[in-house]
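Reminder, nothing fancy here: chain letters follow the sequence lines and each chain counts from 1. Owing to the predicted nature of the structure, the values given are computational and were not obtained by experimental measurement.
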Amino acid sequence: MITRMPQKEWTNREVSGLLENLAAALQIKDAAKNKFRIIAYENAAAAVEHSTSELKDIWEEGKLDAVPGIGESMTQHLEELFKTGRSKHFEEILSGIPPATFELIKLPGIGPKTAHKLVTNFKISDTHPLEDVKKLAREGKIKDIEGFGEESQKEILETIEAYKADSQRLLYSYALERASEILNWVKQQKEATRVDTLGSLRRGVSTIGDIDLAVATKSPQVVLDHFVNFPKKTKVIEKGSASASIVIPGGIQVDLMVQDPASYGSLLQHFTGSKHHNIALREYALKKGLSLSEYGIRNLAPGGVKKVGTQKMEKFETEAAFYKYLGLEYIPPELREDAGEIEAAKEGKIPNLIEISDVKGDFQIHSDFDIETSHDLGVSSMEEIILKADSLGYEYLAFTEHNPSKGEHNVNQIIDLLKAKREAVDVLNYSFVKTKCKSVKKVFNSLEIDILPNGELPVPEEGLATLDFALVSVHSSFRQSRVEATKRVLSALAYPKVKIFAHPTARKLLNREGIDLEWEKIFAYCVKNKKFLEINGDPARLDLPDFLVKEAQSRGVQFSLGTDSHYVGGLDNMQFGVLVARRGWVTKDKVLCTQSLDAVEKLLEIR
DNA sequence: GCCGTTTTCGGCCCGACTGTTTTCAGTCG
C-alpha cells in the first residue's frame with residue numbers, strides 16, 4: 001500500500017521526531033538485540049532537537065557528521081532523506097509497524113511496547129487511533145490482553161481523556177506561581193527543612209510541562225503524606241517512599257521528591273537535570289570510576305566493575321560540593337543542557353552570568369501617555385512608572401509607547417504628537433525625577449516603532465529627531481519568507497536613531513511561532529553597526545529565545561532588556577528576561593541596561 | 001550506530017514506581 005505522505009520540510013522537529021520513531025521501531029522489533037542502536041538513535045534525535053541551526057542547513061554546508069550523535073551511517077541516510085524526501089534504510093526500520101503505534105507513544109505512560117501491543121491486538125486505525133483505543137477501554141476489552149489488567153485499562157482511558165486538554169505546556173511565570181503556592185503548603189509541615197523547585201522550572205525553561213519539587217527532611221513519609229493532602233489537588237497519581245505525584249486544577253502534574261538533608265545536594269543535582277546534562281555528566285564520571293545517582297557518588301571497584309552495594313556512597317549536602325567532587329566548577333542550573341557546560345566547568349570557564357541585581361534600567365515600557373497608537377496603550381501614568389522603577393533601584397528607564405497610527409494621522413499630526421511626548425518627558429526629567437527619586441537619574445524618550453512589511457518606518461525623520469533612540473519590532477506580515485523578512489528587518493535597523501531590535505522573533509509562547517530570519521546576517525549586522533537585540537521579559541514572549549541568545553552572544557552581539565510593561569506591575573517581569581539571558585550564557589558586560597548612565601548614553605549615541 | 005584523558009575495538013547512565021507478576025517488564029525523569 002502506498003499512501004501519499006504530506007510534503008515534509010524536514011525541520012529539526014520533524015527530523016528528531018523521525019529519529020525517535022526509528023528508536024521506538026527498533027525497540028519493538030528486538031529491544032535486546034538493538035539495545036545500543038536504540039540509544040544511538042535517541043541520542044541523534046536529542047542532538048537534532050537541541051541544534052540551534054536547522055539540520056538541513058548544516059547538511060547543505062556539508063557538516064552533518066560534525067553534529068555530535070550523528071555519524072557516518074546516519075549522515076548517509078539523512079542525506080538521502082533531504083535529497084529525495086525519503087530514506088530506504090529508515091523505511092526498512094519502520095516497515096511492518098503501523099503509523100498508529102507512533103501516535104499512541106505520544107501518550108504519557110505508553111511506550112513503544114505497549115503501543116504496539118495495542119495496535120496489533122486490535123485493528124487500531126491510523127486515522128483516529130486515540131478514539132479507537134478509548135472505545136476499546138470503555139468496552140473493557142483491553143484488560144483481557146496478556147500484560148494488561150483492570151488497572152492499566154483504567155489508566156489508559158484516563159490518560160486519553162486528559163490528553164487533549166492537558167497537552168498544553170505552561171508559561172514559566174505561571175508554573176512558578178503554582179509551584180510557590182504548593183511549596184508554601186509543604187513548608188507548613190515542620191519536618192520539611194528545605195524546599196526547592198526542580199527540573200525545567202529550576203533551569204528557567206520558558207515553558208514548563210509539569211512541576212517538580214524537592215524537600216529535604218528526616219521524615220519522608222510525614223512530608224509525603226502532607227503533600228498529597230494539598231487542598232487543591234484533584235488526584236493523587238502515586239505515592240512511594242521517596243516521591244509522590246499529584247494533579248492540580250488544569251491537569252497540571254506536580255511531582256515531589258524527598259531526601260535526607262545529608263544527601264539533599266545529590267537529589268537537587270539529579271532531578272534538576274536536564275536529562276541530557278545528567279547523562280553526559282554520568283558518562284564523564286564513569287570514566288573516572290565514579291557512579292552517580294540521586295543518593296550520591298559511589299567509587300567503583302578498581303577496573304570499573306560495578307558491584308552495587310559493596311562500595312561506600314559519598315553523600316553531598318550541596319550541589320556545589322557534588323560538582324567539586326567530580327573536579328568540576330559549579331554549573332548554574334540554567335546552563336545544564338549538555339551544550340558545552342561540562343567542558344567549560346572542567347576548564348574552570350563557566351561564565352559569570354548576569355543577575356537581576358545587575359540591572360539598572362528597563363528599556364521597554366508603555367505608559368498611558370495617549371500617543372494615539374493603533375496598538376495597545378499602557379494603563380499606568382509616567383509618574384507611577386518612574387516611582388516603581390525607583391523602588392527597583394534603577395538609574396534610568398525608557399518610555400517606549402507604540403508609534404502613532406499611520407492610517408489615522410497625517411505626517412504633521414504624527415510630528416506634533418511626538419513633540420508633545422518629548423516635552424512631557426523633558427518636564428519629568430527637570431522636576432519630578434529630581435525631586436521624587438532616590439536612584440532614577442534619567443528618563444529616556446523612546447518609541448517602539450512598527451517595521452512595515454517593506455522595511456520602512458511609519459515615523460517621518462522629523463518625528464525620529466524628537467527621540468533619544470528608537471526600538472523597532474515586527475507586528476504584522478508574520479508569514480514572509482526568511483529572505484524577505486531579513487531584508488525587511490535590516491532596512492529598519494539601518495535608521496541611525498534605531499538602536500534596539502525588540503522581541504526579534506515576534507513569537508507568542510503557546511500561541512504563535514514567530515518569524516524566521518537569517519539570524520547569522522542579523523547578528524553580524526548588529527555587531528558591526530552597534531545595534532542591540534532585546535531580550536523581552538514578557539512571560540508570553542521571552543524573545544529573543546534562549547537558544548538564539550546563546551548563538552548571538554557567541555558571535556559578539558550585545559543585548560538590551562525590557563519588560564514590555566503595559567502597567568506598573570509589569571516591571572517586575574525583568575526576572576524572566578534575566579533568566580533567558582542566563583540560559584544564553586550572557587554576562588552582564590554584554591547587556592546595555594547593566595551599564596552606568598554615562599556608558600548607556602555613549603552606547604546609544606545620545607550625546 | 002556512535003565514539004575516544006584507559007580504547008579505532010569494546011564499551012555505551014541510574015534508579016523509582018506501577019501493574020501484573022511470583023521475579024519482572026515497561027515507562028519515566
Side-chain angles (χ1 to χ4, degrees), chain A residues 19 22-24 26-28 31-47 65-78 89-90 93 104-105 107-117 142-156 159 198-200 209-212 214 220 224 237-245 253 255-259 266-267 269-298 300 302-304 306 308-309 313 327 338 343 346-347:
Chain A
L19 293 170
L22 289 164
L26 290 168
Q27 211 161 330
I28 291 163
K33 183 180 135 205
N34 294 314
K35 192 171 171 193
F36 298 112
R37 255 177 103 198
I38 293 166
I39 293 174
Y41 275 97
E42 282 171 349
N43 284 342
D65 57 2
V67 178
I70 295 182
E72 205 185 315
S73 164
M74 279 198 218
T75 296
Q76 211 182 314
H77 302 313
L78 286 170
H89 182 69
F90 289 166
I93 295 176
L104 295 184
I105 293 173
L107 293 168
I110 295 188
K113 295 281 178 76
T114 311
H116 192 243
K117 220 189 263 181
I142 290 177
K143 65 174 193 298
D144 301 329
I145 316 173
E146 200 189 331
F148 291 85
E150 286 281 0
E151 279 299 318
S152 50
Q153 175 173 277
K154 195 174 141 221
E155 189 64 35
I156 287 169
T159 302
L198 295 170
S200 51
D210 54 22
I211 296 174
D212 299 315
L224 289 170
I237 297 178
E238 63 187 31
K239 182 159 95 60
S241 59
S243 69
S245 301
Q253 184 171 334
D255 301 336
L256 183 82
M257 320 290 164
V258 293
Q259 184 69 275
S266 320
L267 175 87
Q269 196 291 317
H270 181 85
F271 286 109
T272 295
S274 68
K275 188 182 171 193
H276 301 298
H277 172 80
N278 281 356
I279 289 174
L281 195 66
R282 285 185 216 125
E283 280 170 356
Y284 163 78
L286 211 51
K287 283 176 188 144
K288 298 184 151 212
L290 302 170
S291 174
L292 313 182
S293 75
E294 65 255 52
Y295 301 104
I297 300 178
R298 191 164 33 218
L300 298 173
K306 288 185 211 177
V308 178
M313 175 75 74
D338 189 22
E343 292 71 18
K346 237 185 279 183
E347 295 165 17

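Closest to the side chain of Ser152(A), out of dG19(B), dG1(B), dT27(B), is dG19(B). Listed nucleotides: dA16(B), dG1(B), dG15(B). Nearest to the side chain of Ser293(A): dG15(B). Of all nucleotides listed (dT27(B), dC17(B), dG29(B)), dC17(B) comes nearest to the side chain of Ser241(A). With dC14(B), dA16(B), dT18(B) as the choices, the nucleotide that has an atom nearest any side-chain atom of Leu286(A) turns out to be dC14(B). The side chain of Glu238(A) sits closest to dT18(B) out of dT18(B), dG15(B), dT20(B). Side-chain atoms of Arg37(A) lie closest to dG1(B) of the nucleotides dG15(B), dG1(B), dG19(B). Comparing dG1(B), dG15(B), dC14(B) against the side chain of Ser291(A) picks out dC14(B) as the nearest. Ranking dG29(B), dT27(B), dA16(B) by closeness to the Asp212(A) side chain, first place goes to dG29(B). Candidate nucleotides dG26(B), dG29(B), dA16(B) were compared by shortest atom distance to the side chain of Thr114(A), and dG26(B) ranks first. Of the candidate nucleotides dG1(B), dC17(B), dG29(B), dG1(B) has the atom lying nearest to any side-chain atom of Ser73(A).
Where Gln153(A) and Pro112(A) each meet DNA chain B at their nearest nucleotide, the meeting point lying more 5' is that of Gln153(A).
Between His77(A) atom NE2 and dC2(B) atom C1' the separation is 13 Å, expressed in whole Å. The CD1 atom of Ile279(A) sits 11 Å away from the P atom of dC14(B) (whole-angstrom rounding). Between the CD atom of Glu343(A) and the P atom of dG4(B) there is a distance of 11 Å, rounded to whole Å. Rounding to whole angstrom units, CD of residue Glu283(A) and P of dC14(B) are separated by 9 Å. In this structure, the CG atom of Leu292(A) is 21 Å from the P atom of dG29(B), given to the nearest Å. Per the geometry, CD belonging to Glu72(A) stands 17 Å off P belonging to dT8(B), to the nearest Å. The distance from atom NZ of Lys117(A) to atom P of dA25(B) is 11 Å, rounded to the nearest whole Å. When rounded to the nearest whole Å, the span between CD1 of Ile211(A) and C1' of dG29(B) equals 16 Å.
The residue Ile110(A) sits close only to the backbone: its heavy atoms come under 4.0 Å of sugar-phosphate atoms, none of a base. His116(A) comes within 4.0 angstrom of nothing in the nucleic acid, heavy atoms only. No contact: Glu155(A) has no heavy atom under 4.0 Å from any strand. Within 4.0 Å of Phe148(A), counting heavy atoms only, lie sugar-phosphate atoms of the nucleic acid but no base atom. Residue Ser274(A) is classed as having no contact, given no heavy-atom separation below 4.0 Å to the nucleic acid. The residue Leu290(A) sits apart from the nucleic acid: no heavy atom pair falls under 4.0 Å. Heavy atoms of Lys287(A) sit under 4.0 angstrom from at least one base atom. At the heavy-atom level, Lys239(A) lies under 4.0 Å from the strands shown only through sugar-phosphate atoms.
For the atom pair CD1 of Ile38(A) and CG of Asn43(A), the computed distance is 12.0 Å after rounding to the nearest 0.5 Å. Phe90(A) contributes atom CZ, which lies 5.5 Å from atom CG of Leu19(A) (distance to the nearest 0.5 angstrom).
One finds a side-chain N or O of Tyr295(A) lying less than 4.0 angstrom from the OP1 or OP2 phosphate oxygen of dA16(B). Phosphate proximity of dA16(B) to His270(A): absent, as no side-chain N or O sits under 4.0 Å from OP1 or OP2.
Between dG26(B) and dT21(B), the distance separating the two C1' atoms is 13 Å to the nearest Å. Using C1' as the reference atom, dA16(B) and dG10(B) are 30 Å apart when rounded to the nearest Å. Using P as the reference atom, dG15(B) and dT22(B) are 27 Å apart when rounded to the nearest Å. Using atom C1' as the reference point in both dT8(B) and dG1(B), the two lie 15 Å apart (nearest Å). With P as the reference atom, dC12(B) and dC17(B) are 26 Å apart, rounded to whole Å. Between dT6(B) and dG11(B), the two C1' atoms lie 11 Å apart (nearest whole Å).
Heavy-atom minimum distance, Gly327(A) versus Lys288(A): CA-NZ, 4.5 Å. Listed here is the closest heavy atom pair of Ala214(A) and Leu267(A): CB-CD2, 3.8 Å. Summarising the geometry of Met74(A) relative to Ala44(A), their closest heavy-atom pair is SD-CB, 3.5 Å, with the distance given to 0.1 Å. The shortest non-hydrogen separation linking Asp338(A) to Ala280(A) is OD1-CB, 3.6 Å.
Within the shown strands, dG10(B) is the pairing partner of dC3(B) under the Watson-Crick or G-U definition, both distances less than 3.5 Å.
Aromatic ring pairs are classed by plane angle as parallel below 30°, tilted from 30° to 60° and perpendicular above 60°; the pair His77(A) and His89(A) is parallel.
In this structure, Phe36(A) forms an aromatic stack with the base of dC12(B), since both conditions hold: centre separation below 5.5 Å and plane angle below 30°.
With Asn278(A) as the partner, the side-chain hydrogen bond (donor to acceptor under 3.5 Å, both in side chains) test is satisfied by one option alone out of Glu283(A), Gln269(A), Glu294(A): Gln269(A).
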